[in-house]
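Below, chain A is the first sequence line, B the second, and so on; all start at residue 1.
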Protein chains: 2
Amino acid sequence: MNAAKDTTEDKILEAATQVFVQKGMEGARMQEIADAAGINKALLHYYFRSKDKLFDAIFSKIVSFAFPKIGQILQAELPFVDKVEQAIDTYLDLLLKHPYLPGFILKEVNRDPSVFFKLVMKHGFKLEPIFQVMQEAMDRGELIRMKPEHLVVNVVGLCVFPFAAKPVISFVAFNEDPEATQAFFEERREEVKQFVIRAIQPIN
Amino acid sequence: MNAAKDTTEDKILEAATQVFVQKGMEGARMQEIADAAGINKALLHYYFRSKDKLFDAIFSKIVSFAFPKIGQILQAELPFVDKVEQAIDTYLDLLLKHPYLPGFILKEVNRDPSVFFKLVMKHGFKLEPIFQVMQEAMDRGELIRMKPEHLVVNVVGLCVFPFAAKPVISFVAFNEDPEATQAFFEERREEVKQFVIRAIQPIN
DNA sequence: GTCTATAGTTCGATAGAC
DNA sequence: GTCTATCGAACTATAGAC
């Protein structure tokens, strides 16, 4: 996620990202970030005035990274089912590479929604184009009739939830075996696609 | 959730539950809990030796409340589809009454999984009986063939995820209109049931 | 059991030398 | 720009009177 140049500012951003994502805003310590960056606390405050400002910089970077424009996939000239498969693939790729993102983002959004809201407005994320693609697919009979909001929440939930609940799943279902857990998460790529497709395909 | 007797200990437990669930272990302040209980900080330490111990008491209560034995529903003599509907109904009832639980539990489980693990072992939650019911339904042809782990994760995710992501959904999809958001969450009872049933019913 | 007062720590932030 | 040293606020925990 980080193009790691060697300037001090970049080292700080990289270290802060790692610590904030793992511990959250409240759990992270400026000292730990300084250690991870190989510098001292005073220098953190020299580059970013406060812990809040440093966190905002990292959170902004992560949100714009994790909310990419799936819209583009959905605009392509493909059967709707194929678009859904591509969207799920794209998201699960990203999540398998960055499994901590769901837990981190959900935690911070519940702690202080306003920070997230400002970012959404700044970047102009909109659901309407996605809803419209779904509506057209329904009109063409490629998709069962349902509220687009529910379909989006269902698909995102099926992709994202297991990562947010990873410790629970690993312990309860796989006795904390890391390999079995990892295999399960990789299986979900096919599992989620097939589950969603069965749920949304009209019966001929 | 609390049988509110009037003893000081009960007032503490009630106040601590409210503050911990809303702010989390790291965000909660002993002073705030004391204020909410109408007492002072010293008395918190008199009843519970430390913030950690107080938190453990609350977390234990909440986990055993939120992980009820759905096993019983699944053991009943009903078609598998009906069992699934009942299980979803039961869980969404609980979540609609206690919408903060998913965010709280996910946050704390990611912060310190070991506390949760001890509780699971103490209460002896097991998935095997649920898996077995699913396996039998597959053998009878009432359920499409799939790994039981995925079905459980899918159903739980569809129920739980929207609550953990409520601020995001409310803002992005409903412009923070509380009534529209509430209506959406109530619709999910039927939505989730139909979505799951379509996804798991064998094609005749 | 309940209170006031305060000790003891942790941590974000800043002063000031180099 | 980078460091050491330290301040000051916030917070958990305890001492001791009633």
Tell me, yes or no, whether the heavy-atom count around A:Asn175 atom CG, taken from other residues, nucleotides or ligands under 6.0 Å, exceeds 12. no

Considering residues at least two apart in sequence or located in another chain, which fulfil the salt bridge (charged side-chain N to carboxylate O under 4.0 Å, His left out) criterion with A:Lys53? none

Rounded to whole Å, the CD-C1' distance (B:Glu32 to D:dT12) equals 15 Å

To the nearest Å, how far apart are A:Ile33 CD1 and C:dC11 P? 12 Å

Does the pair A:Lys23/A:Glu32 count as a salt bridge with the N-to-O cut at 4.0 Å? yes

What's the CG-P distance between A:Leu43 and C:dT14, to the nearest Å? 14 Å

State, yes or no, whether a side-chain contact exists between A:Leu158 and A:Arg188 at a heavy-atom distance under 4.5 Å. yes

Compare side-chain N and O positions of B:His45 against OP1 and OP2 of D:dA13 and report whether any pair is under 4.0 Å apart. yes

Looking at B:Thr8, I'd like to know whether one of its side-chain N or O atoms comes within less than 4.0 Å of OP1 or OP2 on C:dG1. no

Euclidean distance, atom NZ of residue B:Lys53 to atom P of D:dA13 [Å, nearest integer]: 9 Å

Spacing of B:Ile12 atom CD1 relative to C:dC3 atom C1', expressed in whole Å: 14 Å

Should the ring pair A:Phe65 and A:His98 be called parallel, tilted or perpendicular, given that the plane angle runs from 0 to 90° and is split at 30 and 60? perpendicular

So, is B:Asn40 near the phosphate of C:dT2, with a side-chain N or O under 4.0 Å from OP1 or OP2? no

Measure CD1/A:Ile39 against P/D:dT4 and give the value in whole Å, please. 12 Å

Rounded interatomic separation in angstrom, taking CZ from A:Phe48 and C1' from C:dA13: 16 Å

Where each residue is assigned the nucleotide of DNA chain C containing its nearest heavy atom, which of A:Asp52 and B:Tyr47 is assigned the position nearer the 5′ end? B:Tyr47

Is it possible for you to check whether B:Arg111 lies under 6.0 Å from the centre of the six-membered ring of B:Phe55, through NZ or CZ, and within 45° of that ring's axis? yes

With respect to the phosphate group of C:dC3, does any side-chain polar atom (N or O) of B:Tyr46 fall under 4.0 Å of OP1 or OP2? no

Please report, rounded to the nearest Å, how far the C1' atom of C:dT10 is from the CD atom of A:Glu26. 15 Å

Begin from the C-alpha positions of B:Arg189 and B:Asp89 and carry the test salt bridge (Lys or Arg N to Asp or Glu O under 4.0 Å) through to its verdict. CA-CA 7 Å; B:Arg189 187 189 303 269; B:Asp89 260 329; 3.1 Å; yes

Can you give me the N/O atom pairs linking the protein to nucleotides 8-11 of chain D at distances under 3.5 Å, or say none if there are none?
| residue | atom | partner | partner atom | Å |
| --- | --- | --- | --- | --- |
| D:dC11 | OP1 | B:Arg29 | NE | 2.8 |
| D:dC11 | O5' | B:Arg29 | NE | 3.4 |

